K.L.:
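Please read through the structure below; I'll follow up with questions.
Numbers restart at 1 for each chain; the letters A, B, ... are given by sequence-line order, proteins then strands. Note that the structure is predicted; figures quoted are calculated from it, not measured.
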Number of protein chains: 2
Amino acid sequence: MRQNLEEKYRDILTFKVGEVARKAGVNKETLRYYEKRKLITKPDRRRSGYRIFTQHHIDQVKFIKRAQELGFTLSEIKELLELRTDENTTCSEVRTEAEEKYKDVVEKIEDLQRIKKTLVELIDSCSGSGPKGDCPILEALEGENKTGRNLRN
Amino acid sequence: MRQNLEEKYRDILTFKVGEVARKAGVNKETLRYYEKRKLITKPDRRRSGYRIFTQHHIDQVKFIKRAQELGFTLSEIKELLELRTDENTTCSEVRTEAEEKYKDVVEKIEDLQRIKKTLVELIDSCSGSGPKGDCPILEALEGENKTGRNLRN
DNA sequence: CTTGACTCCGTACCAAGGTACAGGGCTTAT
DNA sequence: ATAAGCCCTGTACCTTGGTACGGAGTCAAG
């Protein structure tokens, strides 16, 4: 089954790594990297060693990019791709992954909200004029905390 | 001025790296790392090479940790520390740093809110039952997007 | 004065997600 | 058949914030 690649690819469009990179909006090295991490289907090779990519690969890379935009790590994306490939995957398995990511995101938002709140308080406490001598922001960071403000919540 | 360290430290408490680590809640190697990155004042050394730390260093590390909790990177913290040391620093310079960090945080929150919204839509679109054949989550990631949903906002 | 706990230094390694070579080998158009 | 412009590989490097290791020197208590 290795001898007639010509046969196999006769009727479909194939691409070289640079073309895929351009079409998918990633770097050539990134494609090699994804291949090594098994995030994309291992492409066949020409006798010269050149990789033979198809539209399938381009779609995979786009899948990866969309999942990344939703905050999935490459490891998580690999799991998703495995779910996608596995015939026995159920809808609820996929949903579970999404729900876990959702929890992550909510938690991160909460952390950032607390940080934002503290920053606002610090900024508001500082008139923005005068020397740093009594800058309440530095004071708070120094922990001397004359104002009774406390950074840890 | 190097000869009489004994003189210099006669009346103040000094600490070895392990003590500082314990008191400040960091690792010994982290202290070396901070020293290398010039985040803490370079400690004097005994003739043996042992570092001589004081309460000042402990306070610096605590400053660093508080600033980290607010999302400042070590590079940004270095700037803050320089502002703190510089006699000519004005309050408004410090406030500007805080305002920039505030903007970063707000932006990150916004990104995550968008991500969260998309995840919720995906999760809601999926009944959680049945095989993955028509899992709307995978469909959306695949970009086929029969539902007209679009991940990019 | 010995022994265990401490410290020193340089270096390598970790996660994550890539990027950047160098030194070769193909391919394709002219 | 030659030259530009692809592609191949392995390896090193990047950022951020550290952690781990190993061999050697030091300190303090008994």
K.L.:
For C/dT27, does OP1 or OP2 lie under 4.0 Å from any side-chain N or O of A/Ser48?
P.N.:
yes
K.L.:
Taking ring pair (Phe, Tyr, Trp, His ring centres under 6.0 Å) as the test, write out the residues that go with B/Phe53, two or more places apart.
P.N.:
B/His57
K.L.:
Rounded to the nearest angstrom, tell me the gap between atom CG in A/Leu39 and atom C1' in C/dA16.
P.N.:
12 Å
K.L.:
Among residues 15-34 of chain A, which residues get a heavy atom nearer than 4.0 Å to DNA chain D?
P.N.:
A/Lys16, A/Val17, A/Gly18, A/Lys28, A/Arg32
K.L.:
Could you tell me the separation between the CZ atom of B/Arg46 and the C1' atom of D/dT26, rounded to a whole number of Å?
P.N.:
9 Å
K.L.:
Classify the side chain of B/Tyr50 and the base of C/dC6 as holding, or not holding, a donor-acceptor pair under 3.5 Å.
P.N.:
yes
K.L.:
Hey, does the side chain of B/Gln68 come within less than 4.0 Å of D/dG18's phosphate (OP1/OP2), counting only N and O?
P.N.:
yes
K.L.:
Can you name the closest pair of heavy atoms from B/Leu31 and B/Ile40 and give their distance?
P.N.:
O-CD1, 3.7 Å
K.L.:
Pairs under 3.5 angstrom, nitrogen or oxygen only, protein versus nucleotides 22-24 of chain C, please.
P.N.:
none

K.L.:
Return the value, rounded to whole Å, for the distance between atom CG of B/Asp104 and atom C1' of D/dT16.
P.N.:
15 Å
K.L.:
Can I get a per-line list of side-chain donor-acceptor pairs under 3.5 Å for residues 14-26 of chain A, giving both atom names and the distance, sequence neighbours left out?
P.N.:
unit_1	atom_1	unit_2	atom_2	d
A/Glu19	OE1	A/Lys16	N	2.7

K.L.:
Atom CD of A/Glu100 and atom CD of A/Glu79: how far apart are they, to the nearest 0.5 Å?
P.N.:
8.0 Å
K.L.:
Between B/Arg47 (CZ) and C/dT7 (P), how many Å, whole number?
P.N.:
18 Å
K.L.:
A/Glu29: what forms a side-chain contact (heavy atoms from CB on, under 4.5 Å) with it, not counting sequence neighbours?
P.N.:
A/Asn27
K.L.:
Report yes if the side chains of A/Leu81 and A/Lys38 come closer than 4.5 Å at any heavy-atom pair, otherwise no.
P.N.:
no
K.L.:
On DNA chain D, nearest-nucleotide positions of A/Lys36 versus A/Gly49: which is more 5'?
P.N.:
A/Gly49
K.L.:
To the nearest Å, give me how far apart CD1 (B/Ile52) and C1' (D/dC27) are.
P.N.:
14 Å
K.L.:
Of all residues at least two apart in sequence or in a different chain, which pass the salt bridge (charged side-chain N to carboxylate O under 4.0 Å, His left out) check with B/Glu35?
P.N.:
B/Arg45, B/Arg51
K.L.:
So, the side chain of B/Thr118 versus the backbone of B/Arg114: is there a donor-acceptor pair under 3.5 Å, distance only?
P.N.:
yes
K.L.:
If I take atom CD in residue A/Glu35 and atom P in nucleotide D/dC8, what distance separates them, rounded to the nearest angstrom?
P.N.:
9 Å
K.L.:
Whole-Å distance between C/dC6 P and B/Phe53 CZ?
P.N.:
16 Å
K.L.:
List the atom of A/Pro43, the atom of A/Ile52, and the distance in Å for their closest heavy-atom pair.
P.N.:
CB-O, 3.4 Å
K.L.:
Rounding to a whole Å, what distance do you find between B/Arg51:CZ and D/dT26:P?
P.N.:
15 Å
